[in-house]
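Everything below concerns the one structure shown next.
Starting from 1, each residue takes its place in the sequence as its number.
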Amino acid sequence: MATTRVLIVDDEILVRSGLGLIVGSAPDLEVVGDCSGGRAEEEVRRLEPDVVLLDIRMPDVDGISVLRLLRALPQPPAVAMLTTFDTDEYIGTALRAGAAGFLLKDTAPEQLVHAVRVLAAGGSILSPAVTSTVIGGYVDGAGPDADAAALARTLTGRELDVLALLGEGLSNAEIADRLFLGTGTVKDHISAILGKLDAVNRVQAAVVAHRAGLLKPPAHPHPHTQPRGDA
């Protein structure tokens, strides 16, 4: 079994230790190190992790700055942002900087392990909680965005259907079931959508879906639903 190497970056030692115990309990995951934000780039270069769990708010250096440094590396790891809030003013910036997902620090242990596996497989952490609460809160009240609507018009009708469901946080299998398609076909559609939208991952595509007015966040989202992910 291939082992996924994980680095945890947080300013609180207790948080790093707790997350490390959870992630390290899985036989296919190895926590190769943990550090504060100021040492993140150095440790990533030294340890070459596959996945980095990165606190979005740190006193020594903010998580967004660290994210940008890591994304600029020749072989950047997949980076998921850790936050204690289900809405955060840094979310939009992190999305544009290429974050592969967002995890609440109180995510259940089994869900955290699942999320790391999804990231290691090249997927993004996209859940109804993230989509409806975080992304929905980020774009809420802004109204449809003309640029996002123009991007959406480059998609075919079927791609728009897929994008709308992706924006709701559905997995490939759920989208396939909803649209009566094969999962491979859905994956092909999503690859085409990401290319046309110039989106790094599903999370960025979901933001376009919201901004283009393709869907509305639910009135009462549930912030702790299980994360879903697909390559």
Task: Charged N-O contact under 4.0 Å between Asp55 and Lys105 - done: yes
Open item on the list: Show the nearest heavy-atom pair for residues Leu119 and Ala100, with the distance to one decimal.
Closed with: CD2-CB, 3.6 Å
Open item on the list: Measuring from atom NE2 of His189 to atom CG of Leu160, what distance do you get when rounded to the nearest 0.5 angstrom?
Closed with: 11.0 Å
Task: Test side chain to side chain donor-acceptor pair (under 3.5 Å) applied to Asp188 - qualifying residues, sequence neighbours left out - done: none
Task: Non-neighbouring partners of Arg46 that pass side chain to side chain donor-acceptor pair (under 3.5 Å), sequence neighbours left out - done: Glu43
Open item on the list: Arg45: which residues meet the side chain to side chain donor-acceptor pair (under 3.5 Å) condition with it, sequence neighbours left out?
Closed with: Glu41
Open item on the list: Quick check on the hydrophobic clustering: are Leu21 and Val52 connected, directly or via other members, by side-chain heavy-atom contacts under 4.5 Å?
Closed with: no
Open item on the list: Quick one, Thr156 with Lys196, criterion side chain to side chain contact (heavy atoms under 4.5 Å, CB included). Give me CA distance, side-chain angles, the key distance, then yes/no.
Closed with: CA-CA 10 Å; Thr156 67; Lys196 290 181 180 181; 4.0 Å; yes
Task: Shortest non-hydrogen contact from Val113 toward Ala26 - done: CG1-CB, 3.8 Å
Open item on the list: Please evaluate residues Val9 and Met58 with respect to the criterion side chain to side chain contact (heavy atoms under 4.5 Å, CB included), reporting the C-alpha separation (whole Å), side-chain torsions for both, the decisive distance (0.1 Å), and the verdict.
Closed with: CA-CA 9 Å; Val9 181; Met58 295 178 286; 4.0 Å; yes
TODO: To the nearest 0.5 Å, tell me how far Ile13 CD1 sits from Cys35 SG.
DONE: 11.5 Å
Open item on the list: Asp177 vs Thr183, test: side chain to side chain contact (heavy atoms under 4.5 Å, CB included). Steps then yes/no.
Closed with: CA-CA 8 Å; Asp177 185 61; Thr183 53; over 6 Å; no
- [ ] Evaluate side chain to side chain contact (heavy atoms under 4.5 Å, CB included) for Glu174 paired with Leu165, printing each intermediate quantity in order.
- [x] CA-CA 9 Å; Glu174 290 169 326; Leu165 296 177; over 6 Å; no
Open item on the list: Does this structure show an ion pair linking Glu48 with Arg5, if we count only N-O contacts that are shorter than 4.0 Å?
Closed with: no
Task: Closest contact, heavy atoms only, Leu197 versus Ala152 - done: CD2-N, 4.5 Å
TODO: Using modelled atom types only, decide if a donor and an acceptor are shared between the side chain of Thr185 and the backbone of Leu181 within a distance under 3.5 Å.
DONE: no
Task: Distance (rounded to the nearest 0.5 Å) between Leu103 CG and Leu54 CG - done: 11.0 Å
Task: Listed once per pair and sorted, the side chain to side chain donor-acceptor pair (under 3.5 Å) pairs that draw on residues 65-75, sequence neighbours left out - done: Asp62-Ser65
Task: Within-4.5 Å side-chain heavy-atom neighbours: Leu82 and Leu19 - done: yes
Open item on the list: Going by the rule salt bridge (charged side-chain N to carboxylate O under 4.0 Å, His left out), which residues pair with Asp11 if we only count those two or more places apart in sequence or in a different chain?
Closed with: none
Task: Sequence-distant partners of Asp34, side chain to side chain donor-acceptor pair (under 3.5 Å), two or more places apart - done: Arg16
Task: same_hphob_cluster(Leu69, Ile8) at 4.5 Å side-chain heavy-atom cutoff - done: no
Task: Heavy-atom check, side chain of Leu151 versus side chain of Asp198, under 4.5 Å - done: no
Open item on the list: Do Val186 and Leu179 make a side-chain contact, defined as non-hydrogen atoms from C-beta onward lying under 4.5 Å apart?
Closed with: no
Task: side chain to side chain contact (heavy atoms under 4.5 Å, CB included) partner of Thr4, the single match among Val23, Asp50, Val31 - done: Asp50
TODO: Specify the closest pair of heavy atoms between Leu47 and Gly33, including all atoms of both residues, with the distance to one decimal.
DONE: CD1-CA, 4.1 Å
TODO: Compare every heavy atom of Ala209 with every heavy atom of Gly167, then report the nearest pair and how far apart it is.
DONE: CA-CB, 4.2 Å
TODO: State, with a plain yes or no, whether a side-chain heavy atom of Ile193 is found less than 4.5 Å away from one of Leu166.
DONE: no
Open item on the list: Within the 4.5 Å heavy-atom criterion, are Leu29 and Thr3 side-chain neighbours or not?
Closed with: no
Open item on the list: Within the structure provided, determine whether Pro109 and Ile22 are in side-chain contact (heavy-atom separation under 4.5 Å).
Closed with: yes
TODO: Any chance you could measure Gln111, atom CD, to Leu104, atom CG, to the nearest 0.5 Å?
DONE: 10.0 Å
Task: Test item: Glu159 and Thr154 side chains (from C-beta on) under 4.5 Å apart, heavy atoms - done: no
TODO: Side-chain contact test, heavy atoms from C-beta onward, threshold under 4.5 Å: evaluate it for Arg202 versus Ile190 and give yes or no.
DONE: yes
Open item on the list: Return the CD1 to CZ distance between Ile175 and Phe180, rounded to the nearest 0.5 Å.
Closed with: 14.0 Å
- [ ] Please report the closest heavy-atom contact between Gly37 and Val61, naming both atoms and the distance.
- [x] C-CG1, 3.2 Å
